Amino acid sequence: MDKVYNHKNIEERIYREWETSGYFRPEINSKGKPYCIILPPTNANGALHFGHAMYVVEDILIRFHRMRNFSTLWLPGTDHAGIETQFVFEKKLLEQGKSRLDFKREELYEMINKYVNENRGGIESQLRRLGFSLDWSREKYTLDGNIVEIVYDTFKKLFTDGLVYRAKRLVNYCTFDGTSFSDLEVVHEDRTSSLYYIKYGPLILATTRPETKFGDTAVAVHPGDKRYKKYVGQELEIETVLGKAKIKVIADESVDPEFGTGVVKITPAHDFSDFETGKRHNLSMKQVIGFDGKMNYFAGKFEGLSVREARHAIVKEMQAKGLIEKIDENYKNRVGLCYKCKNVLEPLPLEQWFINMQLLAKPAIEVVKSRQIKIYPKSFEKRYFQFLENIRDWNISRQIVWGIQIPAWKCEKCHEWVVTNGKIPQKCKCGSENLIRDQDTFDTWFSSGQWPYATLETTNNLKFYPADVMETGYDILPWWVARMVMLGIYIQNKQGVKEIENQIPFKNVLLHGLVNDPYGKKMSKSKGNVVNPLDLVDQYGADAVRFALIYGNATGNDQALSYPKLDAARKFVNKLWNMGRFIEFADKIIDEGKKPTRESGIDEWNNYWCKKSQELVKKVTNDLEKYNFNYAAEKLYNFTWHEFADKYIEDIKPRMTPKTLEAMKDNFKIILKLLHPFIPFVTEEIYQRFKFGKSIMVDKWPSFVKSI
RNA sequence: GGACCCGUGGUUCAGUGGUAGAACGCUUCAUUCACAUUGAAGAGGUCAGAGGUUCAAAUCCUCUCGGGUCCACCA
């Protein structure tokens, strides 16, 4: 054995051996009880980051259960990541001086498809370098034909059940990316804006958006506001930049008499709360901003100006006409931004597909309340409930091409929608054959929200449903986890599965924290502080990186990337390696027939150490069963180094006999097995060198009832 | 507006009502030894602050201060 453990010579070879031996497949323990974790699908076009490295938690659980004879499946997959990927691709197009509008839908799709396929596979090999024992033979992709079929089918069922509906509603629309977003995808930011006090005939009202005034279909006051009582129900004639206009005054509870002047303009086509007010009062919608972000013909001479240009122009002209009372330039408000391009989102009225979430959310809340799904750490349950109890309908249409096109056709004759499970319909119910397919695609989360069922069904592994653990970053609890629970229960219910414990997609949710930079700041490309975990694997070895991420970090807590900790982990791996070297060396001492210098009390001493190992097995097993990975890692670290190496090995030197050495080898084997889920490579390498067995990863977990 | 997390030696963080812990750093010593990626010893903490519950609180409760996050969003 080399004096220093060199991961570079070892890790790649061992991983290849594992993979070619079929050890990652559940067939390795085919008679065992099923145990399953589904890897959160990785972005097909993405690169490895620390979010992926944290999946080491899953590998620990998987290896632990595999060694305990479970028929263990860890299923990998990739996600087409609709908006993310199209956004990246369009940036590339832009560099070439082109835009998505230069291509037909099919052309653009094919180009992105080609681009993604060229980049696919990268992340898979990176996950291999971390030692993840994923069953690659079952890998799935969200755009696999049979996955898409399931997604279509779910949509059709939701439509048939009346849970999916088409409605013209205000959506968060990015006029730069040309698509709408769900509420979750909106990033809110505090801004300082101008609040304009505008004259509307005899009234003065405050607004941040004077350019939408052409879309006003009423002004509103609070019903109890005495100042304006006499105007309610009247139609005012007002002076505007486009000449005289008439506008109705309504009373609505939603108006805050304390805000501004207590009068508010109602623009149902461009403001979420005005949209609601408009519905209550049957106001008409007048859209004055187009999907290109420019003013349309309702804006008269301002037509063609962008929102920002129009605001300046209109304010200037209103000031000239004396229509502005005053401007508060230090008004603090929050604006919704596109999470991709950070431009201000425009609320625009658009026909979209929505899922009615109320009915889906109810059982999803119940299963967590009744602890049929357990969330760790438990504090995240509150966030889960908060999200589901206040859930709004989910806009699942995206105006992009990269993704699963919605299987809905509109009849040009009767204007009804025909929804199929993917097949092109021959004709509408009314008999017309003039059907045009919706151009939109599904929100990526609609397909990934069906991932546990879809992957297990299409690989003929439904016996693993529900999965045992869903482990992911806490940041996507509402985006992904909650939606998987809702859709999972719905789908299984439709499949005729009666018991709720068999409908849920997984039994336990484990959430890990974020890995920040060494100063505790979030890693981001724009800050330039992103560290690639693979560079650390090169430098420290996969085992050390894995151990450093687990040791000293409580489940669900964020951690700062720590180089001292990585160093410590590497030293630990090296220490273990040298303990192996000592035992190899000890064999020679025995062979040379040297006599021990201390013989009294040797049996008691020997039994003491065997008992110590047994205690450790019990504790580590218990910690792993409770998902207390950091406790287990700390106990293993302390025992291995400060008990086994510092005391046991020092104490055996004068007591070296064939019997004590055999016992030490047994105890060392136990330590290796307990450490294997955490640091799989070095433990496997030592295990094989000592010919303890064919492979540690499929050998049995030590039992703690074994008598010495 | 609603909620969650964090605050513990110089630093990064564990801590499960019962004597304040680890790693790194620091100080001193050792070193023909499996390992200098080593060993032994040591210094260093009013556990953010205040109050409460308890025989006993870093831990449970309330409030305050500081840092961070999520959700909802009003002209």
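A, B, ... follow the sequence lines: proteins, then strands. Residue 1 opens every chain. This is a predicted model, so every value here is computed, not measured.
For A:Gln559 and B:A14, a side-chain-to-base donor-acceptor distance below 3.5 Å is absent, hydrogens and geometry of angles not being considered. You won't find any donor-acceptor pair under 3.5 Å spanning the side chain of A:Glu650 and the base of B:G39, going by distance alone. Counting distance only, with no hydrogens placed and no angle test, the side-chain atoms of A:Lys565 and the base atoms of B:C24 include no donor-acceptor pair under 3.5 Å.
Across all strands shown, A:Asp646 has heavy atoms under 4.0 Å from sugar-phosphate atoms exclusively, and none from any base. Among the atoms of the strands shown, base atoms are found under 4.0 Å from some heavy atom of A:Asn574. Using a 4.0 Å heavy-atom distance criterion, A:Tyr551 is classed as a sugar-phosphate-only contact. Backbone-only engagement by A:His642 is indicated by non-hydrogen atom pairs under 4.0 Å involving sugar-phosphate atoms exclusively. Using a 4.0 Å heavy-atom cutoff across all strands shown, A:Asn557 reaches sugar-phosphate atoms only and no base atom. Within 4.0 Å of A:Ile583, counting heavy atoms only, lies no atom of the nucleic acid at all. No engagement by A:Phe387 is indicated, since no non-hydrogen atom pair under 4.0 Å with the nucleic acid exists. Using a 4.0 Å heavy-atom cutoff across all strands shown, A:Gly552 reaches sugar-phosphate atoms only and no base atom. Note on A:Lys265: nothing from the nucleic acid sits closer than 4.0 angstrom, heavy atoms only. The residue A:Ala220 sits apart from the nucleic acid: no heavy atom pair falls under 4.0 Å. At the heavy-atom level, A:Tyr331 lies under 4.0 Å from the strands shown only through sugar-phosphate atoms. Using a 4.0 Å heavy-atom criterion, one finds that A:Glu634 contacts the sugar-phosphate atoms exclusively.
Across every strand in view, B:G44 sits unpaired, with no contact that passes the Watson-Crick or G-U test at under 3.5 angstrom. Figure legend. B:A58 is base-paired to no nucleotide; pairs are counted as Watson-Crick or G-U wobble with both atom distances under 3.5 Å. Of all nucleotides present, only B:U12 satisfies the Watson-Crick or G-U wobble test against B:A22, with each distance under 3.5 Å. When Watson-Crick and G-U wobble pairs are counted only if both distances are under 3.5 Å, B:G66 pairs with B:C6.
When the P atom of B:C74 is taken as reference, atom CG of A:Asn333 falls 10 Å away, rounded to whole Å.
Comparing B:G44 with B:A22, their P atoms are spaced 14 Å from each other, to the whole Å. As rounded to the nearest Å, B:U12 and B:A75 have C1' atoms that lie 47 Å from one another. One C1' atom belongs to B:C70, the other to B:C47, and the distance between them is 28 Å to the nearest Å. Using atom P as the reference point in both B:G25 and B:U37, the two lie 12 Å apart (nearest Å). Straight-line distance between the C1' atoms of B:U8 and B:A14: roughly 10 Å, to the nearest whole Å. Look at the P atom in both B:A72 and B:A56: the space between them is 45 Å, to the nearest Å. Only the C1' atoms considered, B:A50 is 16 Å distant from B:G7, to the nearest whole Å. Straight-line distance between the P atoms of B:G68 and B:U62: roughly 24 Å, to the nearest whole Å.
For A:Ala560, the side-chain atoms get nearest to B:C13 when compared with the rest of B:C35, B:A23, B:C13.
Contact annotation: A:Lys575 does not reach the phosphate of B:C35 (side-chain N/O to OP1 or OP2, under 4.0 Å). In this model, the phosphate group of B:U12 is not approached by any side-chain N or O of A:Asn516 to a distance below 4.0 Å at OP1 or OP2.
Between A:Trp605 and A:Trp609, the ring planes lie perpendicular to each other; the angle is over 60°, past the 30° to 60° tilted range.
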